[in-house]
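Taking it in order: structure first as structure tokens, then the write-up.
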Protein chains: 2
Amino acid sequence: MDAVPARPARIQDVAAAAGVSVSTVSNVLNRPERVTARTAERVRIAVAALDYVPHPGAAGLRTGHSFAIGLVLPDVTNSFYARIARGAADAAYDHGYSLVLCHSGDAPEREQGYFSMLVEQRAVGVVVVPLSADPGRLARLRERGIPLVLADRAMTDREGCSASVDDIAGGRIAVRHLLDSGARDILVVNGERGIRQCSDRYQGARQAVRSHRGARLGQVVAERMTVAYGTEIARGLTDLPDGVFCTNDFLAAGLCRGLAERGVRVPEDVQVVGYGDLDVATFGATTLTTVRQPVEDLGRAAVEMLLDEIDARADHLHETRVFAPGLVLRDSTRPPADH
Amino acid sequence: MDAVPARPARIQDVAAAAGVSVSTVSNVLNRPERVTARTAERVRIAVAALDYVPHPGAAGLRTGHSFAIGLVLPDVTNSFYARIARGAADAAYDHGYSLVLCHSGDAPEREQGYFSMLVEQRAVGVVVVPLSADPGRLARLRERGIPLVLADRAMTDREGCSASVDDIAGGRIAVRHLLDSGARDILVVNGERGIRQCSDRYQGARQAVRSHRGARLGQVVAERMTVAYGTEIARGLTDLPDGVFCTNDFLAAGLCRGLAERGVRVPEDVQVVGYGDLDVATFGATTLTTVRQPVEDLGRAAVEMLLDEIDARADHLHETRVFAPGLVLRDSTRPPADH
DNA sequence: CCGGGTGTGAAAAACGTTTCACACCCGGTC
DNA sequence: GACCGGGTGTGAAACGTTTTTCACACCCGG
């Protein structure tokens, strides 16, 4: 029935409508215990009638507090990062903060551009999935004193919180499962050595094999971690292992297809474990046993640590949270033998 | 070398450092033509020395203008929506706006919650990928006069801009390609009839077949649009068509696998076209010819129309932009015969 | 040398909120 | 009966900008 209001109602309008002072309205909204139930009720009615919504810019001006937190990541299109974003968005929503999506797209200068933007916006904190491990690039935020949390990468210099998943443990449980299911000759199909995740997962695999007498471990490195390269590797294998751990589901899916082409049966002849529990794990003829990472938790935890740092300020302890991955059992491995 | 500044510099500090008035500093920053080059230079030096960054909240308070635009979508984890987000983020970045990620997660009440949040934040505009076609749910934003653009769905009531892809055209080019490549007995493997995209794509398929004498069209509806259901359908097919158009790449990938199981060769015996150019299109033994949608453009265009509406205000014309999909040729179809 | 026009910079108000300090009223206590 | 104190509410300043209005100095022509 009302026309579109030319301008939204201000606190002053509410005060006038309720017949109280501006400060009383503010008190009702921010410190209800300081005001009589009767007055508060009157004010609340006026608020509702005028559809009054406080102006956060003005409030922030006075309080010095804003409600924007930044999320900087290389590529939302990558499902891993998207899952981080989802977790972060959920946590931010739950706490009444808004999440500013910053898509750095693998370009360092763009990452820096976003950092500047977040500084300008007076973001209250930033969650970063960094492009590289170089902590220097975070300087722009640091020197402004903007709290910072790293996701998917441990903070190297103890200057902030971080949330990541334990890739060593992931490699360990993957290979331990192969061993428990009867495999003895294990092959790791890995990505490039330089990638931290890859070397960690391999290290976990080594740990598992080492603690199991009679088990052997080999490794082959794929140029790129794609389905096609996985297939390629399966074709090139000369003597077959009885268990394969691919450090990525794309490789695993491709490998399974390549094995099928050769008439090798999975899991009867060769058991395969992938990593990541990506969609592709369920696309193939035999679904993949794989390592699932609690990626949403990464984003959620990052935001929550950030908010803790903001609230606690002085007595906040930087924390390096490491999440444990889990195993998803599907058709590419046999059930473990009972002990 | 400086310690972390207790508080960021204000415009007043800059004025003092440069030996000019506050308003001059503001003029240098916002209307440089109103001030002497010499003075401007002095001010700029002071700005750099103090690392001064204007407080957007304070500025917005005065100007009534903010730099936040909202992006409301069902699920960032879905690659389609993620691509919209990427396009939107890029466009927002280019224009100096920040994008607030709102992850409604298929929950209407959460979508409403985000709308309220965006109203509170005084967002300057919102891009919505709506959960349902019901325009009533957009009321909260409308009554506040917040400009609104729909992505992936045409605005039904002409009350705003929208960006979407032409699914009818998509179905048409898919099936026309099958016909051009020699197929005559076409089967559409579709999703549920109620989904607008599905019925549009089927309609496009019908158009293509109709304008081609001697061609037949059949349809089978999959309960869900997944790889598994695609395989299921391939297994259940009694008399084989020579061309299949799946309205989704998951179905297509599954179908190809199912056909392979039966010893049916793709594309020699049956040609297959998918839809979406999802990752899965390149995962299988035969890569999928598919319809590629310019999804990033959707997000980008949505943001740009929004900004136009904000700038132009009075003389802005609502626009319904429809993007044309294209065909990606791969191994699941034969090359078209020359004419 | 004076007056008018022009261009440059300054002063001050306004944006919408929070919060501190204070005023008031009431009941209870000495 | 006066004082005190707790509980409620108000006034006003402050947050950091932008923008309008205004003053002043300078230059040039008469």
Side-chain angles (χ1 to χ4, degrees), chain A residues 5-47 50-68 96 119-124 144, chain B residues 5-47 50-68 96 119-124 144:
Chain A
R7 273 195 343 207
R10 303 162 308 182
I11 196 173
Q12 208 178 97
D13 304 329
V14 177
V20 297
S21 79
V22 165
S23 30
T24 299
V25 177
S26 177
N27 280 334
V28 170
L29 265 30
N30 301 308
R31 300 131 83 184
E33 75 281 2
R34 282 187 57 86
V35 69
T36 298
R38 226 177 74 81
T39 320
E41 185 55 18
R42 276 221 320 279
V43 169
R44 263 188 261 279
I45 288 173
V47 165
L50 298 174
D51 195 13
Y52 167 72
V53 177
H55 190 302
L61 188 54
R62 179 62 229 243
T63 61
H65 192 62
S66 98
F67 283 93
V119 166
E120 284 165 29
Q121 314 250 326
R122 259 59 171 187
V124 79
R144 281 292 181 155
Chain B
R7 274 200 337 210
R10 303 161 310 180
I11 196 172
Q12 207 178 98
D13 303 329
V14 177
V20 297
S21 78
V22 166
S23 37
T24 300
V25 177
S26 176
N27 279 333
V28 170
L29 265 29
N30 301 308
R31 300 131 84 184
E33 74 282 1
R34 283 183 57 89
V35 69
T36 304
R38 226 177 73 80
T39 320
E41 184 56 18
R42 275 224 317 281
V43 170
R44 262 186 264 278
I45 288 173
V47 165
L50 297 175
D51 195 13
Y52 167 70
V53 177
H55 190 301
L61 188 54
R62 178 61 228 237
T63 61
H65 192 61
S66 96
F67 283 92
V119 165
E120 283 165 29
Q121 314 250 326
R122 261 51 172 192
V124 78
R144 280 292 181 158

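Each chain gets a letter, A, B and so on, in the order the sequences are listed, and its residues count up from 1. Both backbone and side-chain heavy atoms feed into the values below; hydrogens, waters and symmetry mates do not. Everything quoted here is computed from the prediction, not taken from an experiment.
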Of all heavy-atom pairs between [X] and [Y], which one has the smallest distance, and what is that distance?
X         : Y        : result
Leu61(A)  : Ala58(B) : CD1-CB, 3.7 Å
Pro32(B)  : Val28(B) : CG-O, 3.6 Å
Val20(A)  : Thr39(A) : CG1-CG2, 3.9 Å
Val25(A)  : Ala15(A) : CG2-CA, 3.7 Å
Arg122(A) : Val53(B) : NH1-O, 2.9 Å
Ala18(A)  : Ala46(A) : CB-CB, 3.9 Å

How close or far is atom [atom2] of [N] from atom [atom1] of [X], stated in whole angstroms?
X         : N       : atom1 : atom2 : value
Phe67(A)  : dT18(C) : CZ    : C1'   : 13 Å
Arg122(A) : dT17(D) : CZ    : C1'   : 11 Å
His55(B)  : dC15(C) : NE2   : P     : 19 Å
Leu50(B)  : dG16(D) : CG    : C1'   : 15 Å
Glu120(B) : dG16(C) : CD    : C1'   : 15 Å
Leu61(A)  : dC15(C) : CG    : C1'   : 9 Å

Can you confirm whether Asp51(B) sits close enough to Arg144(A) that some side-chain heavy atom of one is under 4.5 Å from a side-chain heavy atom of the other?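 They are in contact (side-chain heavy atoms under 4.5 Å apart), so the answer is yes.
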Val35(B) vs Thr24(B) side-chain heavy atoms within contact, under 4.5 Å: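 Result yes, sub-4.5 Å side-chain heavy-atom pair found.
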Watson-Crick or G-U wobble partner of dC26(D), both distances under 3.5 Å: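 Pairing partner: dG5(C).
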Partner lookup for dA13(D), please. Criteria are Watson-Crick or G-U wobble with both distances under 3.5 angstrom; report none if nothing qualifies.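 By the stated definition (distances under 3.5 Å), dT18(C) pairs with dA13(D).
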Donor-acceptor pair present, Arg62(B) side chain and dT18(D) base, under 3.5 Å: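 Checked by distance alone, the answer is yes.
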What contact category does Val22(B) fall into here, base, sugar-phosphate, or nothing, at under 4.0 angstrom with non-hydrogen atoms?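 Base, at least one base atom sits under 4.0 Å.
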Which residues in residues 9-19 of chain A have at least one heavy atom lying under 4.0 Å from any atom of DNA chain D?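 Contacting residues: none.
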Within residues 23-34 of chain A: residues closer than 4.0 Å to DNA chain D (heavy atoms):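 Correct list: Ser23(A), Thr24(A), Asn27(A), Arg34(A).
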Given Tyr52(A), which of Leu29(A), Asp13(A), Val43(A) fulfils the side chain to side chain contact (heavy atoms under 4.5 Å, CB included) condition?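 Among Leu29(A), Asp13(A), Val43(A), the one that satisfies the side chain to side chain contact (heavy atoms under 4.5 Å, CB included) with Tyr52(A) is Leu29(A).
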dT17(C), OP1 or OP2 - any side-chain N/O from Thr63(A) closer than 4.0 Å?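 Indeed not, no polar side-chain atom of Thr63(A) lies that close.
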